[in-house]
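Beneath this line is the structure, given in structure tokens, with notes to follow.
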Amino acid sequence: GGAAGLLDIGAGGNFTKNALHLAAWKGSAESVRVLVEAAPHALDVVSVGRGNYGKSPLFYAITQCRDDVVMLLLGLGADLTIVNNKGQTPCSMAPSHLEEDACWALYDAEAAQLRGGDAFVNYRETHSDGERYGDLDPRFLDDANRGEDIEEEIQAYRAAVGDATMPTGREFPRSLRPTTQWSRKKGRAARANREANKEVIGEVSGGINGAAPMPKSDEGPKKEGRRKENAPGGARGSALEIDAEGLDRLLLSAVTAREPLVVDGSASLAVFLEEVRETSGDDGAFWGVDCEWRPSSSGGGENPVSTLQVASARRAYVVDLQTLCQAGGAGEEGGGDAPSDEKRDLSDIERDLSDVLSVIFGATCVGFGVVQDLAKLVASFPHIPCFRRYGAVADLQQVIRVAHPQYKRGHVRSLQRAVALLLGRRLDKAEQCSAWGDRPLSPAQVEYAALDAAVCHTLYLNALRAAGADGPGADGFGRSNAHLRQSMRFTVLPGGGSGDGREETAYAVPMGSVRRSMSVRYARQMWPAGRTPPPPPEEASAAPPRRRAGPRADKKKAPTTDRRKQLGVLLGGVPGDHAGLPPPGSRLGWTKDSCVRRVAGARVVDSMPPGCRLRFDRWGGVVRMSNTWLLFVNFFGQAGGGGAKYRNAASGGGRRITYTLSPGRPAEGELLEYLGAPDGGTKVLLFAKGSNKEKFMFCGECGCAGSVDTSPESVAVTLDLLDFDRLAADEEVFALFHEMINSHAV
């Protein structure tokens with residue numbers, strides 16, 4: 001009875017942990033003391049869950065970095081001669097969790113217990129789950145925990161202990177593969193998801209595409225997938241984090257039964273055409289779609305698409321567009337002299353290719369960031385008609401969030417993360433930045449390209465099954481979620497690559513906007529698949545918008561002359577005037593409006609009707625124009641403390657800025673996607689201020705140097721100030737810039 005009754009576990013108590021385990025983990029030190037005094041035997045009772053077998057209260061205190069509770073338990077006589085089912089001991093966990101004094105106290109206590117005749121109880125031998133872990137005790141290393149990543153540590157341990165079979169004390173490495181709190185969370189989530197998805201990937205790979213079932217790894221008993229109960233900052237229901245590097249690599253043979261076909265000439269194109277016609281007769285057929293292009297120092301934005309890969313349930317195809325098609329948009333080296341509009345004559349092979357691809361693009365096409373890939377296609381080959389119209393396009397990121405509502409936008413930011421979460425496998429991206437402009441393509445490149453398209457097909461089918469919509473007529477899932485399947489139309493506009501300073505014609509684009517990529521100017525329109533398409537783009541009329549006729553005579557409210565809301569122009573369809581940007585370091589104004597109007601340029605601002613204003617989200621820090629991203633940074637309120645939600649900071653003397661984005665917000669999520677695959681025609685511009693008493697300073701153009709997940713809801717993006725040297729050239733301006741960021745430098 002009493003407190004002692006709370007300390008029963010296992011068969012008698014039907015619990016895997018007892019009250020002392022929980023108190024050592026999260027409770028107060030006084031609660032720990034009271035429970036031990038009530039039931040001294042519980043001090044060394046171990047938990048018996050599949051994921052925590054063999055952990056005494058001391059382990060739980062170490063796990064939470066609770067030096068005070070560790071020292072209390074040590075003083076009460078805690079046993080240190082326990083190896084849990086992961087291969088860890090209290091002394092092996094200590095270096096990555098506790099202060100040095102607490103570590104030394106544990107080492108000395110363990111040595112004293114062994115000298116007194118105690119022996120280790122090894123639950124790794126009796127209750128191992130077969131997984132690989134960190135914070136390992138080198139004295140109890142088994143084959144499952146070994147790996148090339150710790151070979152040097154093992155050699156250092158052997159050199160330190162010599163022939164000793166059970167070394168003790170402080171003079172040897174006590175821990176292999178030491179972890180951090182963040183990596184431990186990622187590892188736990190990855191293991192939980194891998195086990196939860198073993199059946200899914202086996203079913204997908206073996207029962208859908210006709211491929212041989214994926215071999216199951218010998219990873220011990222399955223565990224239920226878990227979500228973290230609390231996110232940093234206390235938010236509930238946060239995302240699972242995945243350590244993709246710890247997963248088995250996904251092979252092409254697991255998601256498609258046949259070897260991929262490289263389409264690079266008349267013979268292979270004829271085979272492609274015949275097989276596509278056969279596939280088009282399948283009920284509910286859809287295609288995985290992806291593209292590759294040659295990387296460059298600017299992210300590959302100015303280089304045309306090299307390969308288009310498409311995959312059905314039958315086979316994956318790698319279409320060598322670089323070999324089959326005439327170059328369209330201006331590449332990094334090609335300049336813009338070649339004709340780049342839709343009027344160029346098609347070659348015979350381009351005409352045949354366009355015919356077969358039109359069949360594919362008339363069906364449902366699925367991919368990750370697929371809209372950006374399709375835009376890249378029309379900019380690369382604007383003269384080929386098949387790249388201008390798509391019957392139904394589904395972005396896997398959105399589809400997954402509907403089919404698997406436990407995952408939010410930020411949880412599946414990339415194809416690699418989606419594969420890890422849903423299929424429990426690692427998608428190898430080693431070939432992503434290989435030489436896609438070289439010919440012939442290497443076997444590794446062909447497999448990489450085909451796998452990206454084939455796995456998109458598999459993930460979409462996985463989503464259909466999760467939503468209960470698989471089988472013939474599975475596209476009903478798309479029809480019941482109309483927003484997931486969008487028809488698309490690209491219209492190439494004149495004047496895209498003139499670069500001579502001439503004014504560009506403005507266009508009205510129903511359900512779309514004007515964009516630019518690779519010196520090609522085009523209008524992109526999107527509408528729900530199956531609905532009536534909007535009219536094509538037209539040159540914008542200078543006439544003001546038509547007002548409703550005949551206000552009621554008996555209407556009591558006096559008519560207002562302020563029609564700004566009705567006459568507002570959506571900023572997303574307005575191009576930035578890149579040629580008219582101010583010098584870096586210029587102070588533009590107190591508000592975001594002043595910055596936006598300056599980027600839009602005098603021609604746009606002066607042509608707006610009286611009372612009209614540019615419409616955009618004035619509360620957000622990310623603003624989108626048709627060819628420009630505007631980022632606004634407030635450095636005030638950042639220094640000191642941990643209360644600031646967005647930790648904007650400068651490093652490298654101001655050459656780099658850390659900017660926090662929330663992928664769940666539409667504009668910020670789209671920016672993250674763009675930074676992952678930038679195009680050369682779009683600029684990212686930074687505006688900053690040090691206090692509310694300052695005007696925004698234009699800091700120039702930015703590039704992305706990398707990103708880090710700071711929580712499941714936010715990503716810290718490191719931006720390179722590409723105009724830093726111009727900013728620093730003016731000593732007075734640079735002094736103001738440096739003063740603004742100095743207190744926040746890292």
Side-chain angles (χ1 to χ4, degrees), residues 371-372 375 491 493 495-496 503-517 521-526 534 537-545 562-582 586 588-634 659 661-662 665-675 678-679 681-689 695-702:
V371 173
Q372 288 78 14
T491 303
L493 304 175
E503 291 187 0
E504 295 178 336
T505 304
Y507 283 85
V509 185
M511 304 184 74
S513 61
V514 175
R515 296 168 180 263
R516 184 195 308 274
S517 179
R521 190 172 180 233
Y522 60 87
R524 188 189 77 186
Q525 296 173 279
M526 301 178 66
E538 294 182 348
E539 290 190 20
S541 171
D562 186 0
R563 303 288 295 171
R564 288 177 295 176
K565 182 176 291 187
Q566 287 81 353
L567 296 180
V569 175
L570 290 175
L571 187 62
V574 176
D577 180 11
H578 293 168
L581 291 175
S586 301
L588 300 186
W590 305 101
T591 66
K592 294 173 185 175
D593 283 83
S594 58
C595 303
V596 166
R597 292 169 72 89
R598 183 62 185 270
V599 175
R603 185 178 65 84
V604 170
V605 174
D606 293 345
S607 66
M608 293 168 58
C612 185
R613 68 172 182 170
L614 295 168
R615 293 172 58 188
F616 64 94
D617 179 11
R618 287 166 171 77
W619 295 99
V622 176
V623 175
R624 176 69 192 271
M625 301 177 72
S626 66
N627 64 347
T628 312
W629 291 95
L630 288 73
L631 310 186
F632 294 90
V633 175
N634 294 322
Y659 191 88
L661 294 172
S662 298
R665 296 180 175 179
E668 298 182 27
E670 290 178 15
L671 175 59
L672 272 176
E673 293 176 6
Y674 169 78
L675 292 175
D679 64 69
T682 301
K683 291 182 180 292
V684 180
L685 306 179
L686 184 70
F687 303 84
K689 62 164 64 175
K695 294 181 178 181
F696 276 107
M697 175 184 286
F698 174 55
C699 301
E701 186 178 357
C702 298

Worksheet item: Between Trp629 and Tyr674, what is the ring plane arrangement, given parallel below 30°, perpendicular above 60°, and tilted in between?
Response: tilted
Item to complete: Answer yes or no: is there a donor N or O on one side and an acceptor on the other, between the side chain of Lys592 and the main chain of Leu630, under 3.5 Å?
Response: no
Worksheet entry | Interatomic distance, Asp617 atom CG to Arg665 atom CZ [nearest 0.5 angstrom] | 8.5 Å
Discussion item. Ser513: which residues meet the side-chain hydrogen bond (donor to acceptor under 3.5 Å, both in side chains) condition with it, sequence neighbours left out?
Written reply: Arg515
Response to the item:
Nearest heavy-atom contact between Pro537 and Val509 is CB-CG2, 4.2 Å
Fill in: Any side-chain heavy-atom pair of Asp577 and Arg603 under 4.5 Å
no
Worksheet item: Taking the side chain as C-beta and beyond, is there a heavy-atom pair between Arg598 and Pro582 under 4.5 Å?
Response: yes
Discussion item. Is there a side-chain contact between Asn634 and Lys689 in this structure, where contact means two heavy atoms from C-beta onward sitting under 4.5 Å apart?
Written reply: yes
Practice prompt. Mind checking side-chain hydrogen bond (donor to acceptor under 3.5 Å, both in side chains) for Arg624 and listing every partner two or more places apart, or none if nothing turns up?
Written response: none
Worksheet, complete the sentence: Rounded to the nearest 0.5 angstrom, the OH-CG distance for Tyr659 and Leu675 is 11.0 Å
Worksheet item: Does a side-chain heavy-atom distance below 4.5 Å link Phe696 with Val633?
Response: no
Fill in: Partners meeting salt bridge (charged side-chain N to carboxylate O under 4.0 Å, His left out) with Asp593 (sequence neighbours left out)
Arg618
Worksheet item: From Leu588 CG over to Met697 CE, what is the distance, rounded to the nearest 0.5 angstrom?
Response: 9.5 Å
Discussion item. Less than 4.5 Å apart, side chain to side chain, heavy atoms only: is that true for Arg516 and Tyr522?
Written reply: no
Response to the item:
Value for NZ (Lys683) from OG1 (Thr628), rounded to nearest 0.5 Å, stands at 8.5 Å
Worksheet item: Quick one: OG on Ser662 to CG on Leu671, what's the gap to the nearest 0.5 Å?
Response: 11.5 Å
Worksheet entry | Side-chain (Asn627) to main-chain (Gly576) donor-acceptor, under 3.5 angstrom | yes
Fill in: Residues which pass side-chain contact (heavy atoms from CB on, under 4.5 Å) with Pro534, listed by chain and number, not counting sequence neighbours
Arg489, Pro510, Met511, Gln525, Trp527
Worksheet item: Do the non-hydrogen side-chain atoms of Val684 and Leu631 ever get within less than 4.5 Å of each other?
Response: yes
Fill in: Approximate separation, where rounding is to 0.5 Å, of Arg597 CZ and Asp606 CG
8.5 Å
Practice prompt. Taking all non-hydrogen atoms of both residues into account, name the closest pair between Gly589 and Ser594 and its distance.
Written response: CA-OG, 3.3 Å
Fill in: side-chain hydrogen bond (donor to acceptor under 3.5 Å, both in side chains) involving Gln372 - partner list, sequence neighbours excluded
none
Fill in: Set of ring pair (Phe, Tyr, Trp, His ring centres under 6.0 Å) partners for Phe616, sequence neighbours left out
none
Discussion item. Is any side-chain heavy atom of Met526 closer than 4.5 Å to one of Val371?
Written reply: yes
